[in-house]
Amino acid sequence: MGDAKIETFLPPYLQSNAVIRALSDTYTSFSERRQALGLSNPGTVENVHREVQRDVFLNNFMFSGLRADINRPLSVSPMFQYTHSFAMGSQGLPPYGFSAIYGSTRWFLQGNLDNDGQLIARTNFKWNSSFVTKCQTQIAPGPGQAMITIDNEISGKDFSASLKTINPQMIEGGLTGVVIGSYLQSITPSLALGFEAMWQRVAMNSGPETALSYVARYKGSDWVASAQVLQAQSAINTSYWRRLTDKVEAGVDLNLQFVPGMRGGGLMGGGMQKEGTTTVGAKYDFRTATFRAQLDSSGRLSCLLEKRVLPPVQITFAGEMDHLKQSAKVGLAVSIEVASEDVMNMAGADVTPPAVPF
């Protein structure tokens, strides 16, 4: 997002004001100095640990039981496809689910419906190159199972800001729900600092609660170190990611939480106790496969292998072993992409897919 002079947003009779002109000159000089530093966009506070927690670790990929996905692409540009999903023996996946995705340069629409009647819908709209509004709605059978989240993200040249609301309501004579605001600013080409503030109020007969967290992110040539201090949970979360080779990535994550201790007889006030978990993981990219593995300090070992056996067929194997609990989980998934001849011709013709605002 480019930096414009303050006068361009004011009526003509204020543009000649001496105070306004002084403020505008100060802001312009500050913007020029920022541009001279060569700063880049640091990403969002929500994704400050993305290289480790989203790319290397198995948190978003792990499953158990049997799963089968049948994908049907209908168009490449704009992107349009639907998927039938079947699962068996899994606690977190429904037996059947149907999802549809549509994506263009400005819109991203996704809907998921399972056999229990739970509906999850996402809508992203890109107002311009810097401003995106994201809305997610979840509706499930039963009272109190509906939820809506609205997130507005602004991406500048050297900063990112967002304002998120969860279940906002004004029907009780005041605002209830959760409001989360975050800001991350590049200080140097390698260092970025930011914060995240949360305000929540369950009902008008109860007082509001607030929490503040601080984040820092440092990016080297082939490594990234991040830290986040969470005031509400009295916790510290740090991560370190490094690219070892062109095909190998590794990461380590430490989550340390301070909780009140116990005195004799089970009474509170015995000082602060530290509870933490350390996780180490690695990701290997082969020509037609990707292998992920991680081990945490609680003795849980997990691995996941994604293998494309044919251009339209991919097989995924997931396994987890908890040594302390003496338990194990295994998952096997098959994903089949059934595309029409026209879509295959478009893909073979190197049609450029749109930059979808995910």
Side-chain angles (χ1 to χ4, degrees), residues 1-6 8-9 22-57 126-132 134 151-164 180-198 211-246 248-256 276 278-283 355 357-358:
M1 182 170 60
D3 297 319
K5 292 185 177 182
I6 297 179
T8 58
F9 303 100
L23 291 175
S24 177
D25 293 340
T26 303
Y27 175 77
T28 301
S29 176
F30 178 70
S31 300
E32 292 176 351
R33 292 184 180 182
R34 283 170 51 189
Q35 293 179 2
L37 293 175
L39 304 179
S40 59
N41 186 279
T44 61
V45 172
E46 185 179 6
N47 295 326
V48 71
H49 304 286
R50 64 180 182 272
E51 289 86 0
V52 175
Q53 298 181 357
R54 298 199 175 190
D55 297 340
V56 175
F57 286 177
K126 189 175 184 178
W127 299 90
N128 52 46
S129 60
S130 305
F131 185 27
V132 178
K134 302 179 180 180
D151 190 4
N152 297 285
E153 296 183 356
I154 299 178
S155 299
K157 290 183 178 180
D158 57 1
F159 75 93
S160 293
S162 69
L163 180 63
K164 178 188 295 186
I180 302 174
S182 64
Y183 183 84
L184 188 61
Q185 172 71 56
S186 292
I187 306 300
T188 68
S190 300
L191 177 63
L193 301 177
F195 68 92
E196 183 177 74
M198 183 191 69
L212 188 64
S213 63
Y214 306 93
V215 298
R217 176 182 170 88
Y218 192 91
K219 183 177 181 180
S221 58
D222 57 356
W223 60 275
V224 177
S226 304
Q228 186 171 13
V229 180
L230 305 172
Q231 179 189 22
Q233 294 85 7
S234 299
I236 300 175
N237 185 207
T238 61
S239 64
Y240 177 79
W241 171 89
R242 189 177 186 91
R243 180 175 295 279
L244 302 178
T245 66
D246 294 340
V248 181
E249 305 173 27
V252 57
D253 182 89
L254 171 62
N255 190 295
L256 185 62
T278 302
T279 306
V280 180
K283 175 185 175 183
F358 293 106

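In this view, E51 and R217 satisfy the side chain to side chain donor-acceptor pair (under 3.5 Å) rule, not counting sequence neighbours. For E249, the side chain to side chain donor-acceptor pair (under 3.5 Å) partners are W241, R243, not counting sequence neighbours. When the side chain to side chain contact (heavy atoms under 4.5 Å, CB included) test is applied to D246, no partner is found at least two apart in sequence or on another chain. Take Y214 and apply the ring pair (Phe, Tyr, Trp, His ring centres under 6.0 Å) test, not counting sequence neighbours, and it matches no residue. Applying the salt bridge (Lys or Arg N to Asp or Glu O under 4.0 Å) test to D222 and every residue at least two apart in sequence or in another chain returns R242. In this structure K126 satisfies the salt bridge (Lys or Arg N to Asp or Glu O under 4.0 Å) test with no other residue, sequence neighbours excluded. With sequence neighbours excluded, the residues forming a side chain to side chain donor-acceptor pair (under 3.5 Å) with S239 are H49, listed by chain and number. Contacts of K134 classified as side chain to side chain contact (heavy atoms under 4.5 Å, CB included), with partners at least two apart in sequence or in another chain: N124, V132, D151, E153. With sequence neighbours excluded, no residue satisfies side chain to side chain contact (heavy atoms under 4.5 Å, CB included) with A355. Residues passing the salt bridge (Lys or Arg N to Asp or Glu O under 4.0 Å) test with D158 are R34, sequence neighbours excluded. Remark: T188 engages S190, L191 in a side chain to side chain contact (heavy atoms under 4.5 Å, CB included) (not counting sequence neighbours). Applying the side chain to side chain donor-acceptor pair (under 3.5 Å) rule to S226 yields no partners; only residues at least two apart in sequence or on another chain are considered.
Taking the side chain as every heavy atom from C-beta outward, Q53 and N237 approach each other to under 4.5 Å. Side-chain contact check for S160 versus N41: some heavy-atom pair is nearer than 4.5 Å. At a threshold of 4.5 Å between non-hydrogen side-chain atoms, the residues F57 and V52 count as touching.
S162 and S182 form a side-chain donor-acceptor contact under 3.5 Å, judged by distance and modelled atom types alone.
Scanning all heavy atoms of the two residues, the minimum distance from A227 to T238 falls at CB-CG2, 3.9 Å. When all heavy atoms of L212 and Q231 are compared, the closest pair comes out as O-CB, 2.7 Å. Residues G43 and R50 approach most closely at CA-NH1, 4.3 Å, considering heavy atoms.
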Any chance you could lay out the side chain to side chain contact (heavy atoms under 4.5 Å, CB included) test for I154 and F159, step after step, and finish with the verdict? CA-CA 8 Å; I154 299 178; F159 75 93; 4.3 Å; yes

I would like to know whether V48 and E196 meet side chain to side chain contact (heavy atoms under 4.5 Å, CB included); could you show each step before the answer? CA-CA 12 Å; V48 71; E196 183 177 74; over 6 Å; no

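Note: N47 CG to R54 CZ = 4.0 Å, rounded to the nearest 0.5 Å. Q228 CD to N255 CG: the interatomic distance, rounded to the nearest 0.5 Å, is 9.5 Å.
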